[in-house]
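Letters A, B, ... are given to chains in the order of the sequence lines, protein chains preceding strands, and every chain is numbered from 1.
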Amino acid sequence: MELSTGRVSRVNGPLVEVLGLDGVAMAEVVRLGPQRIAAEVVGLAGARATLQAYEYTGGLRPGDHAEATGDRLAGLLGPGLLGQAFDGLLRPLSGAPVWLSPDRPDIVSDRRWHLEPAVEVGAEVRPGDLLGTVPEAGPVVHRFLVPAAVSGTVTWLTADPVLLSEPAVRVGDVAVPLGERWPVRVPRPFTERLGDVVPLHTGQRVLDLVYPIARGAAAAVPGGFGTGKTLLLQQIAKWSEADVIVYVGCGERGNEMAEVLTELAQVPDERTGGRLVDRTVIIANTSNMPMMAREASIHSGIAVAEYYRDMGYDTVVIADSTSRWAEALREFANRTGELPAEEGYPATLASELAAFYERAGLVTTLGGRTASTTVIGAVSPPGGDMSEPVTTATQRFIRSLWLLDRDLAYARHYPAVSWAGSFARDADAIGAWHAAQGDPGWAARRASATAILAEADRLASLAEVIGTASLPAHERMVLLGGRLLRETVLQQNALSPEDGRCSPAKGAALLTAVLDVIDACQRLVARGVAATTVEETDLADLIRVREEVGPADADGVSRRRDEVLARLEALR
Amino acid sequence: MSVAYSDVRELKGPLLVVGDVDRVGWDEFATLEVAGAPDRHGLVLEVDEDLAVVQVLEGTDGLSPGGVWVRFEGRPLHVRVGTDWYGRVCNGRGEPLDGGPPVAGVARPVSGWPLNPTHREPPREPVLTGVSVLDTLTTLVRGQKLPIFSVPGLPHLALATQVAGRATTAGEGFRVVFAGMGLTHADIGYVRDRLEERSAAGELVLLLNAADDPVIERILTPRIALSVAEELAFGHGDDVLVVMSDMTSYAEAVREVAAARREIPARRGYPGYLYSDLASLYERCGRIHGRAGSVTVVPVLTMPGGDLTHPVPDLTGYITEGQVVLAPEVHARGVYPPVDVLSSLSRLMRSGAGPGRTRDDHLPVAAQVLAALARAREAAELGELVGVSALSDTDRAYLAFRGVVERDLFAQTDDEGRSLVDSLTRAWSALAVLPRRELTMLSAAMVAEHLPAATAPPDDPDDPDDPDGPDDPDDTDDDRAGDAEDGP
Ligand SMILES: Nc1ncnc2c1ncn2[C@@H]1O[C@H](COP(=O)(O)OP(=O)(O)O)[C@@H](O)[C@H]1O
Ligand SMILES: [Mg+2]
C-alpha cells in the first residue's frame, strides 16, 4: 500500500493540523517534520487531519512534511520488558540519553534471545498455545505464545537466537516474530471472563483485612496531595502477591520513578528468587515529559499487563495518577475546541475511564490459562474535592475504593485509608473465600473491627461535646478500642523493615490480639475496674509489636497478646 | 539577518497576531522592533499557515499595528549559561541590572529538556538550613523541590532568605539562584540586603522581576533561573538552591495569557495545563547518576485568602516533594518562623535524614514530635469545648508539650542559625514533658540515650487532685527514664 504524505498547516502545542493526507484513518500514527515526531490522528474533516503529537512540537511549522505510517499507536511486546523502564509510548528509557529531546534516536534493541521450543515441527497450534520459553528473560518464565490471529501447523522453528523483530517460528506460512507489535488502545483478546473471587493479598493490613481487592478487579485511591497515594501504590507494587507488576508513573515525579527503580532493584523477590524489579515493568511519563504521551502511557501499561496475563500470570497495573491522564484528555479536547462538560473535561471522560478500568479482569486466556489483570489507579482530586468529575466518574467503574483522608495523613496515620469513606464490593465473597480456605473467622473479625471503629468515631464526636469523663465506662473502652485498632492494626509504616508488609497470618493475629484485648478491657470495667485505670495502663507493647516481630511472625504477635492479657487480668 | 514582518493583524492583551509570515515554527523566539522605542520580545504560541500568534513578554501597551516589525529567531528562546553568572544581578529577562556586561556562556533553550528518570539519582543528603523547625521536622534534601506556602503579610521572605543565606551541604560549591517575580521594590531591597554576604562571596545569582515590571516577563524568569542552575549543577558540579518567589505572581501571568487566548479555564480561571506548566519548572530539580551537582528548588507562594485548595498551592503541592506551610495562627502566637508543622511535610526526609545522613534518632524523634502535636491539637480543641480542667492529665501534658516545643524548638530569630544537634537536643527536652508511656515511637534504647530527666513544664499538668494518686503510672515511668539517664 502506498502511504500518503501531506503538509502541516497549523501548530498549537501538541495540536497539529495537516492537509492532504489522503486515505489516512482515525488513530493512525503520522510522522511530522524533520524530526519525524509521532502523532496520532484524532479528527478528520475533508482534506484536513487533526493530530495529537506525542513530543514537544517546538520548531514545527506550516509547510513541514507529514507522513502517514499505516500503523496504529503500538508498542513492542516481548522478552526484555521486565526490569526495564519505558516512556509513555513504550520506547526504552533505560539506555536513552540523560536529556530527552525529541530528536533523540529511537533505540532498537540488538539483543538476541534464545528460544527453548515447547512444540515440534508438525504440531497443530491454536491462538494462545505455548510455542516455547525464553530462558534468559529473567526469573518470571517468558512464555512465547501463538498470537491471536494465527493457527495451523508449525512448519519451522528457529535454532539460533533471534532479535525481537525476527521470526522465531513459522505457523503454516505465517512467520511469527519473537516480539509482537500490539496497538495499545485495543484490549488483548481472551476466551472468557470468570466470576470467581480470589483475594489479591497486598501486604497492607487495612486493605487485606478491611477493604480487600479481588484478583482481576479494579480499585481507585483518591486523595489530596501528601495523603499517601504514591507510597501505598509503591507498597502494593513491592509486596502484593502478583506475578508481574506494571507501574505506570503518569504525570508524576521523576524522583519517585528513580526511587522505585532503585528500591525494587535492591529487594529480593521471595517468590521467584530474583529481585522485585525483575517482575516489574516501569512506564514513566513524568510531569515534565510531553503531555500527550501521558495519555498513551495508561494504555501502554495495560497492554503490557495483558501480554503477561496471556502467559498465565496474575498481573497488577498501577497507575499514578489517572487524574493526570484525564487532564491530558481535557487539555487536548480544549485545544480542538470540543465543547466542555464539567470543569472543562470532555463529555467522553466517563466512557474513557470505563474503557480503562474495564480492561481489568480474571479470565480464561486464549491458551486456556486462568490469569488476571488487576487495575489500581490513583486519583488526585484538585483541592482534595471528592466531588470533582474524575473522582466521581471513577467510583462507578471500580470494585474497591481506598479513600485517603487528609486529616488522618496530617495526624501521620498511615496508610491514611479512611474507614468511613472506603468500600470493598467484594468483601463478602472474599470472606467466603477465606472461610473455604480454613479461616471462617475472617468475616467476623472484619465486622467487629469496622463496628468498633465506627462506634468509636461516633463516641469521639459525642465526647467533644460532653467530655470523655462523662461517658459510661463501656463506651470509654470502645474509644480505647478504636485507638488500639487504629494504631496497632490499621497503621502500617511503609518504611519499617518489619512492618512494611504483613503476611495474612500476622495480620489475622494482630487483629485477633486487639479484639481480645478490647474484650478483656470491657470485662475489666464490667467487673468494676475504673475506666481511667484501664485507659492509663501502658499498652505501648501491644501497639509496638507490629514493628518488633517479623512480617510473617504470627506467633510473636500471639505471645505478646498473652502477655498483655495477663497484665490486664492483674488489674484490680 | 532574518526577515522582519510588519503585517500586524491584531493586538489583544499580551498577544500580537502577525500575518503574511513564512515558515515560522511553534515556540520560536521573536524580537519586536518598535518605532522610536526599545525592542520587545515574544514567543510564538500558535502558527496557522501564514499567521503567527506571539506572546509579548513586555506586554503590548503602546504598540500599534503600523509601528512594529517582528523578526523570528528560527529557534526557541535560548539563554547563555555558565559560571559567569556567579554574583550577577539581572532583570526578569536576564539582562544585567548591576551595570556589568551581558552574561556570557553557552546558549541553552530556556525550557530545558526533561531529565530521563532512569538517569536520576534519588536525593539522599540533607541540606541544613540552621532553622530548627525545618531541619528537625521537614528536612530539606539535596535535589528536592520543597515549597513554602504562605499568606500575604507573613514573614515568608524572611524565612526564604534565611534559608537562602544559610543553607549548606556537606560538599563545597553551594550556590543560590534567587528568582524574584512580582516583588515590590521594598521586598527586593530586603532580599538584596539579606543575601549580601552570599552575593559578596560570588555565591548568589539574582534575577529580579519587580511588581511594576512587565507581567508576562515573569513567565521567563524562573526558566532562566533554572537553566542557569542546571548548568552550574550538572555542568560544573555545584549544589544549587533555587528560590523562586512569588509563584502566585508567576501563575497569574500564565492565566493572563490563557485568558487573552480565550482558553477554556479549569479551576478559578486558571488554565487546565497549569499543572504541567508548573511541573515543567519544579521538575528541573534533582541529581544525575555519576555527576556531582544538584538542583534543589524552594518555590515560595502566597495563597490567596489563605486557601490551601487554591489552584496554585494545590497544584504545587501535587508536584513538589512536600510543603512548608506558614500559618497566621502560629504567627499570632508570636512564633517565628510561623510554620504549621502538622500541615507541613518533607517527603524526601526519610531518605535524607536518619542513620548515616543526620543522626540515628532523627526520624523517630520527628515522628514522635509530630504525633504528639497532632494529639495536642485534639486536646486543645477538646479543651476549648469542655474546658481545660475537664481534660485528662495526659491531655494536659500534651498541651504543656506544645507550649514547650514551640518556645524552645520552633521559635528562633530570623538571623539565627542552629546546629542540628542543638535542634535535636531541644526536641528531646520538649518530649521529656510527656509521660514516658506516650513515647510509643521511640525505642527504649533511644530514650535511654537521649531523654533528659523530666523537666517541669511551664504550667504543671499534674493535677493535685489526681484520682489515681500515688499509683499514677506517669510517675513511675518518668523515674525509670531518669534512672536510665543517670546511668553509666
Ligand atoms: N504508609 C506510610 N508509611 C509511612 N509514611 C507514609 C505512608 N504513607 C504516606 N507516608 C508519608 O506521606 C508522604 C506523602 O506520601 P505520598 O504517597 O507521596 O502522597 P501522595 O502521593 O498522595 O501525594 C510520604 O512522603 C511519607 O512521608
Ligand atoms: Mg503521589
### Message
Can you confirm whether Arg267(B) sits close enough to Asp385(A) that some side-chain heavy atom of one is under 4.5 Å from a side-chain heavy atom of the other?
### Response
yes
### Message
If I take atom CZ from residue Arg347(B) and atom CG from residue Asn255(A), how far apart are they, to the nearest 0.5 angstrom?
### Response
11.5 Å
## Note on the structure
Residue set satisfying side-chain hydrogen bond (donor to acceptor under 3.5 Å, both in side chains) with Ser321(A), at least two apart, ordered chain then number -> Ser380(A)
#### Entry: Polar side-chain atom of Arg75(B) near backbone of Gly59(A) as donor-acceptor pair, under 3.5 Å
no
### Query
For Ala96(A), is it the side chain, the backbone, both, or neither that has a heavy atom closer than 4.5 Å to a heavy atom of chain B?
both
### Message
Need one label for Glu327(A): side chain, backbone, both or neither, based on atoms under 4.5 Å from any heavy atom in chain B.
### Response
side chain
### Query
What part of Ala463(A) gets closer than 4.5 Å to chain B, counting heavy atoms only: side chain, backbone, both or neither?
backbone
### Summary
Turns out that what part of Leu19(A) lies under 4.5 Å from chain B's heavy atoms comes down to side chain
### Message
Let me confirm one number: the OH-NZ distance from Tyr318(B) to Lys229(A), rounded to the nearest 0.5 Å.
### Response
5.0 Å
### Query
Using non-hydrogen atoms only, which part of Glu331(A) is less than 4.5 Å away from chain B: side chain, backbone, both, or neither?
side chain
### Task
Name all residues meeting the side-chain hydrogen bond (donor to acceptor under 3.5 Å, both in side chains) criterion together with Tyr56(A); count only those two or more places apart in sequence or in a different chain, and write none if there are none.
Asp27(B)
### Query
For Leu60(A), is it the side chain, the backbone, both, or neither that has a heavy atom closer than 4.5 Å to a heavy atom of chain B?
backbone
### Pair Ser276(B), Arg294(A): side-chain N/O donor-acceptor within cut-off below 3.5 Å
yes
### Message
Does any part of the side chain of Asn12(A), heavy atoms only, come nearer than 4.5 Å to the side chain of Arg261(B), both counted from C-beta?
### Response
yes
### Contacting region of Pro92(A) [heavy-atom separation from chain B under 4.5 Å]
neither
### chain B contact via Ser101(A) - side chain, backbone, both or neither, heavy atoms under 4.5 Å
both
### Message
If I compare all heavy atoms of Leu100(A) with all of Pro117(B), which pair ends up nearest, and what's the gap?
### Response
CD1-CD, 4.3 Å
### Segment of Glu487(A) engaging chain B (4.5 angstrom heavy-atom cut-off)
neither
### Side chain / backbone / both / neither for Ile282(A) at chain B, heavy atoms under 4.5 Å
neither
### Task
State which residue, out of Arg291(B), Arg120(B), His289(B), fulfils the side-chain contact (heavy atoms from CB on, under 4.5 Å) condition with Val98(A).
Arg291(B)
### Task
Measure the CH2-CZ distance between Trp113(B) and Arg104(A) for me, rounded to the nearest 0.5 Å.
10.5 Å
### Query
In terms of heavy-atom proximity below 4.5 Å to chain B, should Met289(A) be classed as side chain, backbone, both, or neither?
both
### Message
With a 4.5 angstrom heavy-atom cut-off, is it the side chain or the backbone of Arg253(A) that approaches chain B, or both, or neither?
### Response
both
